[in-house]
Amino acid sequence: MPAVDIGQRFDFSTLQPDLILDALQHYGLDVSSGLLALNSYENRVYQFNAYRDAAVRPEKMVVKFYRPQRWTSAQIQEEHQFAFELAAAEIPVVAPLLFAGESLLGYQGFYFAVFPSRGGRTLEIDNDDQLVMLGRFLGRMHQVGRKHVFTERPELSVQSHLQHSQQVLAELELIPGYLRPAFDSALQQVIAEATRQYQPKKLIRLHGDCHAGNLFYTGESPFFVDLDDCRSGPAMQDIWMMLSGDRRQQRETLELMLEEYEQYCDFDPAELKLIEPLRAMRMIHYMAWLARRWQDQAFVMNFPWFATDKYWEQQCLALKEQLALLQQPPLSLVPDY
């Protein structure tokens with residue numbers, strides 16, 4: 001572990017290729033290839049080939065440099081520990097590699113971790129066989145997640161995802177003036193209703209950001225490449241993003257996944273009431289996340305629509321639609337007639 005948290009004072013502007021190569025060399029990795037930048041906005045992630053421990057052949061690896069000021073070293077280590085627990089239980093999560101017994105590495109003010117590179121296809125949420133395997137995978141993951149609690153990682157809460165986000169959006173100058181009254185009104189109504197409905201009974205350790213873009217699939221099983229957004233929250237947080245289509249389609253998907261999920265972990269049907277509040281929390285938190293990162297040129301280049309009037313018109317409409325969903329009866333495993 002790095003001796004001090006100096007990395008928290010730096011940004012990515014100084015993270016140049018030479019520094020990355022020097023950092024890897026510092027921990028005994030003799031890089032034999034170039035650095036291939038992988039798709040990641042929050043962190044900086046690169047794939048490479050390197051010799052390790054006098055190996056005869058290079059191994060394909062991935063290095064992740066953590067965004068400064070996002071997580072403390074203790075929070076990152078708790079993420080790694082969760083990954084090690086899951087791997088020990090033979091749950092397909094790619095855990096970081098150890099260097100002299102440490103997974104969290106430090107160099108020139110940055111925190112980073114190195115992972116084995118693992119390839120796969122994007123999981124298809126309309127593929128029943130893959131959803132069945134995902135249900136089994138999540139049941140096993142949550143079985144492990146229930147055994148202990150996070151002491152450093154944050155909780156998925158109204159404060160973190162709604163109140164703090166509202167404060168960020170209130171100060172955002174990108175929202176056009178002619179839309180501001182309607183946007184603020186819709187935002188406030190959604191927050192009020194989601195706050196009223198989001199009353200989880202039990203919090204467990206979760207993946208936290210379980211959507212198709214974070215899932216990969218091989219012939220054997222789905223797998224996650226890391227747990228960068230893991231936190232405490234209700235089990236439904238790792239399930240609801242797999243639900244799409246109308247209520248009938250969502251119910252069928254849920255039944256399919258839960259049949260396997262409950263082979264390993266009990267599911268409380270009361271958590272069905274959390275689906276729409278969780279959807280609202282993600283929607284609002286996502287807007288605020290982009291706003292917080294807007295000083296990062298990588299976000300300006302990759303999300304140019306965030307600064308357009310059209311985007312905010314769409315978000316105003318989306319908030320009104322989400323309010324209507326919050327006002328409907330929650331999804332039930334009993335068919336609607």
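You'll find the side chain of Met141 reaches within 4.5 Å of the side chain of Leu86, heavy atoms only. The side-chain heavy atoms of His207 and Leu227, taken from C-beta on, include a pair separated by under 4.5 Å. Contact annotation: the side chain of Ile20 never approaches that of Phe48 to less than 4.5 Å [non-hydrogen atoms, C-beta and beyond]. Side-chain contact check for Phe82 versus Val93: every heavy-atom pair is 4.5 Å or farther apart. With a 4.5 Å cut-off on side-chain heavy atoms, Asp228 and Lys64 count as touching. Counting heavy atoms from C-beta outward, Leu274 and Pro200 have side chains that approach closer than 4.5 Å. Looking at Met287 and Ser165, their side chains never come closer than 4.5 Å, going by heavy atoms from C-beta outward.
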Where do Glu78 and Thr151 land on the side chain to side chain donor-acceptor pair (under 3.5 Å) test, with the steps shown first? CA-CA 8 Å; Glu78 198 164 51; Thr151 59; 3.1 Å; yes

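With a 6.0 Å radius and a threshold of 12 heavy atoms from other residues, nucleotides or ligands, Gln327 has its CD atom above the threshold. Environment of CG in Asp266: sparse, with no more than 12 heavy atoms of neighbouring residues, nucleotides or ligands closer than 6.0 Å. Residue Gln328 places its CD atom among more than 12 non-hydrogen atoms of other residues, nucleotides or ligands, all under 6.0 Å distant.
Remark: of the listed residues Leu15, Asn43, Leu105, Leu15 is the sole one forming a side-chain contact (heavy atoms from CB on, under 4.5 Å) with Phe65. Glu276 pairs in a side-chain contact (heavy atoms from CB on, under 4.5 Å) with only one of the listed residues (Val190, Leu326, Leu323), which is Leu326.
Ring geometry for His80 versus Phe115: interplanar angle over 60°, hence perpendicular rather than tilted (30 to 60°). Taking the six-membered ring where the residue is Trp, Tyr286 and Trp289 present tilted rings, their angle falling between 30° and 60°. Between Phe306 and Tyr311, the ring planes are tilted. Angles from 30° to 60° get that label. In this structure, Tyr27 and Phe112 have perpendicular ring planes: the angle between them is above 60°, well past the 30° mark.
Using a 4.0 Å cut-off between charged side-chain N and carboxylate O, Asp209 and Arg231 make no salt bridge. For Glu313 and Lys310, the salt-bridge test fails: no basic side-chain N is under 4.0 Å from an acidic carboxylate O. Between Lys201 and Glu271 there is no salt bridge, since no side-chain nitrogen of the basic residue lies less than 4.0 Å from a carboxylate oxygen of the acidic one. A salt bridge does not link Glu79 to Arg70: none of the charged nitrogens lies less than 4.0 Å from a carboxylate oxygen. Ion pair Glu85/Arg205 flagged as a salt bridge, since at least one NZ, NE, NH1 or NH2 atom sits closer than 4.0 Å to an Asp/Glu carboxylate oxygen.
Judged by distance alone, with hydrogens and angles left aside, the side-chain atoms of Gln159 form no donor-acceptor pair with the main-chain N or O of Leu156 at under 3.5 Å. Between the side chain of Arg279 and the backbone N or O of Met241, no donor-acceptor pair lies under 3.5 Å.
Across all non-hydrogen atoms, the minimal contact from Leu206 to Pro234 is CD1-O, 3.4 Å. Summarising the geometry of Glu255 relative to Leu333, their closest heavy-atom pair is OE2-O, 3.2 Å, with the distance given to 0.1 Å. Summarising the geometry of Trp312 relative to Leu179, their closest heavy-atom pair is C-CD1, 3.6 Å, with the distance given to 0.1 Å. Listed here is the closest heavy atom pair of Gly208 and Asp238: N-OD1, 3.0 Å.
Side chains of Gln189 and Ser185: a donor-acceptor N/O pair is present below 3.5 angstrom, by distance only.
The distance between the ring centers of His142 and Tyr261 falls below 6.0 angstrom.
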